[in-house]
Amino acid sequence: MSYLNELNDSQRLAAENINGPTMIIAGAGSGKTRVLTYRIAHMIEQGVDPFNILSLTFTNKAAKEMTERISHLIGGGEAKNITMGTFHSVFSRILRYNADRLGYPSNFTIYDTQDTKSLLKDIIKEQNLDDKIYKPSMVYARISAAKNNLISADAYAQNKDIIAEDNSSKRPELARIYKLYTTRCFKAGAMDFDDLLFQTNVLLRDFPDVLNYYQQKFRYILVDEYQDTNYAQYLIVKKLAAVYENICVVGDDAQSIYSFRGANIQNILNFRKDYPEFKLFKLEQNYRSTKNIVEAANSVIANNKDQIKKSVWTENTEGQKIKVVRTLTDNEEGKVVANKIFDLCHGQASIFKDIAILYRTNKQSRSFEEALRKINIPYKIFGGLSFYQRKEIKDLLAYFRLSTNPNDEEALKRVINYPKRGIGKTSMEHVVICANQHGTSMWEVISNPQQYSLPVSPATRTKFYEFATMIQSFNALNNQLNAFDLGNQIAKSSGILKELYNEKDKGVEEVERYQNVEELLAGMKEFSASKEEDNSLADFMMDVALLTDADLTGEEDTNYVSLMTIHSSKGLEYPHVYLVGLEENLFPSQMAINTRSELEEERRLFYVALTRAKETCTISYANSRFVFGSLTTSEPSRFIDEIDQKYLDFENISRGPGRSLNQMNSNYERPFTGGLNTRLNTKPNLRSINELPKSNSGQNTSLSFMVGDNVEHDRFGKGKITKLEGVDADKKATIFFPHHGIKVVILRFANLKKLD
DNA sequence: ATCAAGGCTTTTTTT
DNA sequence: AAGCCTTGAT
């Protein structure tokens, strides 16, 4: 095949080996995605039916992109027939299809982390256990770990080692909580994230015909990011591949960063054992980064003991050294990085999309967000509080959930008294007790209060009745209306829309909330219009719980600086990377410095971060930052020391006469005028792109500037325009600043003030 | 049942 | 700093 010529020798060999067990160890930036894509295209060219291909990716976005690339390679619509997606999304669909086997409704709800914790909290309270000892997050972690290792609630209770562990940690009731949690989920017709894998295993274990069906269907299986699969995932793959053994796993042990989620490097070793005749391919040539970056990253990862031998190298140019920047505070770090980005982008706005700011924890995003906003650089925050986790969105989604699955307890609790309808805590406590006594769901009790002799006043019963009737009416419309029409109706008649509308004049955040709901409805409209069938509310809700911001469609303007955690940057690459917060106790995290394996994972994380960069990488740290409201001093991260110093370029910007800290601050704290920039501190939303101040390009400012005008710039101070070029949004000005020399700025971003 | 105020805890990363 | 929970007044 001609396109195979676009691969190097080792890549091509890996791509052509489509039969039998195959393992590809792919170093960072070695063209792994390319190999996978070409491999699948090649398979189809060789006559493999796309229906027989299962390709498991790490994100849904990766799946989408890969499908597109394959379509591009082979033409036609065949690529659509490949089953491609994350473990969670692929198997949630399979579970829905076979739900009856397991006693679940096919429209089962997927509980997200919040739902799970809230349910656990209730259970702990109902059992009169001390929630200081049984912290929901801790209990969740324990249950999650059990499920990922395929230990059921019953098996948990019978496992001597586990029980001994729990006893010695003074948490003997964990087994009982696990069991209660499982039954509550089951009654609510809900699965949590871990159940999607756990129950798939149950399905394949207990129903040989189902197993056989999928073994026949998925004759060719590919698993990306294999180093980050856990035991439950490993076993699913193993079972499905057991007949044909056309299984290809791709991974890099040096990039294993999800052990907190049960990911197990052992899976790579298991693979060798399960398929002794497997073929191994190593991709070691890096096409992504400069020599400096590749070698710096190699020098860091060499500190890890646990690793598979491999040597990543590149033919790319040497490139710049990695800059190391020290700042005094976290806020200053934000300003300095924003500043550097500003300098880097001068004269070429298109470069924003080439830049990423990566951090260890989500909350670090704030200082960068504020600083970028202040100097008008467009940005987008990925992860953190996603669109779907916002309160107003979850509220509306809770009505949707109830309308497809009224047994969904978490959804019920969320909205039974929102908007207020006089159903308070005490009434709900009675409902819970009653439901538990009769072994039924809360919904059953609410819709038949007399049958379960619910001890509440007739007035409250009426309120329950009204609520239940409303939900039932929504439920009945499920087969008649499409997602948008029903969603819209629910938003209206539930009172949510009115509630939010009434609060709109309270402030900016309230307006935003209303807009978010509008946005969700707009998305549903698009969804409903995009297809003829399968466009009901239930269809829409099917994998909403599995969506992340990265999966959102309809990106109008993609030229922004990306902000995200290192974890979510996995698989991505940027010409310019700013790696921030390189401080002890932050990165490596304080939570992960107690054992060698924890620390090694942090180091791998650092390795992942460095290898995202193609051309330049800048590392920064602050001497002090706010931690839980109080100023904490911090030491530079040990990881900086671990990089061979010959790849580093230390820069100290908080000192030096020309540009003192005070001066910088005074520049930044000048009040800004116009548009969105007067509003600081807004939380990111679906369109958290810091919208460009169109007013600047459209009207007054940019159009009215002339050569010779005296202007003032937020950072460079006063200057004179010597040249104007470009049109509209791309209009640039060359300006002479007495203190900074000649600069080219884009008027749209520059926020220039005209001086008389 | 609702609301405001004040106290307390929070300590990673994600499907 | 921010979110969550308890408390006490209405």
Side-chain angles (χ1 to χ4, degrees), chain A residues 56-61 85-92 110-118 121 125 131-132 135-138 140-141 144 147-148 191-198 225 228-230 232-233 256-263 330-331 358-364 366-367 382-386 388-389 391 417-429 456-457 459-460 463 543-551 564-570 581 585-594 598 601-602 604-606 608-609 625-632 681 683:
Chain A
L56 295 162
T57 57
F58 201 69
T59 63
N60 289 309
K61 196 176 162 215
T86 61
F87 273 90
H88 292 266
S89 69
V90 166
F91 294 111
S92 74
I110 297 173
Y111 276 176
D112 67 12
T113 310
Q114 234 181 80
D115 298 320
T116 297
K117 283 188 185 165
S118 146
K121 201 176 196 173
K125 196 179 281 172
D131 64 357
K132 295 281 185 299
K135 286 188 192 158
S137 49
M138 179 268 153
Y140 182 30
S144 178
K147 282 190 188 166
N148 283 328
M191 295 200 196
D192 65 18
F193 287 136
D194 303 314
D195 280 327
L196 296 177
L197 305 175
F198 183 91
E225 308 284 7
D228 282 325
T229 53
N230 59 35
Q233 292 167 320
S256 161
I257 54 175
Y258 279 94
S259 72
F260 69 92
R261 200 164 94 183
D330 45 356
N331 283 331
L358 306 181
Y359 35 76
R360 177 69 236 269
T361 66
N362 280 302
K363 59 181 156 197
Q364 286 168 257
R366 224 186 56 178
S367 61
F382 293 85
L385 187 64
S386 90
Y388 296 101
Q389 291 170 331
K391 183 190 174 309
N417 200 28
Y418 177 80
K420 296 258 174 303
R421 29 178 96 79
I423 300 174
K425 218 173 66 183
T426 24
S427 303
M428 287 313 286
E429 270 165 19
V456 294
S457 69
T460 308
K463 288 172 190 161
D543 41 27
V544 159
L546 301 175
L547 292 179
T548 62
D549 281 357
D551 302 316
M564 66 185 83
T565 62
I566 301 166
H567 280 92
S568 34
S569 77
K570 175 155 146 160
N585 296 329
L586 182 58
F587 192 18
S589 163
Q590 192 177 12
M591 313 302 296
I593 46 178
N594 296 319
E598 280 175 347
E601 175 144 325
E602 294 285 300
R604 290 193 294 269
L605 191 58
F606 184 58
V608 168
R625 69 173 61 235
F626 280 93
V627 181
F628 298 126
S630 55
L631 199 63
T632 318
N681 238 343
K683 295 198 192 96

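Taking A:Thr361 as the reference, A:Gln364 meet the side chain to side chain donor-acceptor pair (under 3.5 Å) condition, with sequence neighbours excluded.
Under 3.5 Å, the side chains of A:Ser144 and A:Asp194 contain a donor-acceptor pair of N or O atoms.
Here the options are A:Thr57, A:Asn60, A:Leu56, the test is side-chain contact (heavy atoms from CB on, under 4.5 Å), and the partner is A:Ser89; only A:Asn60 passes.
The separation between A:Lys117 atom NZ and C:dG3 atom P is 15 Å, rounded to whole Å. Rounded to whole Å, atom P of C:dG3 lies 14 Å from atom NZ of A:Lys121.
The closest side-chain heavy-atom distance from A:Phe91 to A:Thr86 is not below 4.5 Å.
Here the separation of C:dC4 from B:dT13, taken at their C1' atoms, is 23 Å to the nearest Å.
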Which parts of nucleotides 2-15 of chain B does protein reach within less than 4.0 Å, heavy atoms only, written one letter per nucleotide 5' to 3' as B for base, S for sugar-phosphate only and - for none? SS------BBBBBB
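Using a cutoff of 4.0 Å between basic side-chain nitrogens and carboxylate oxygens, A:Asp131 and A:Lys125 are not scored as salt-bridged.
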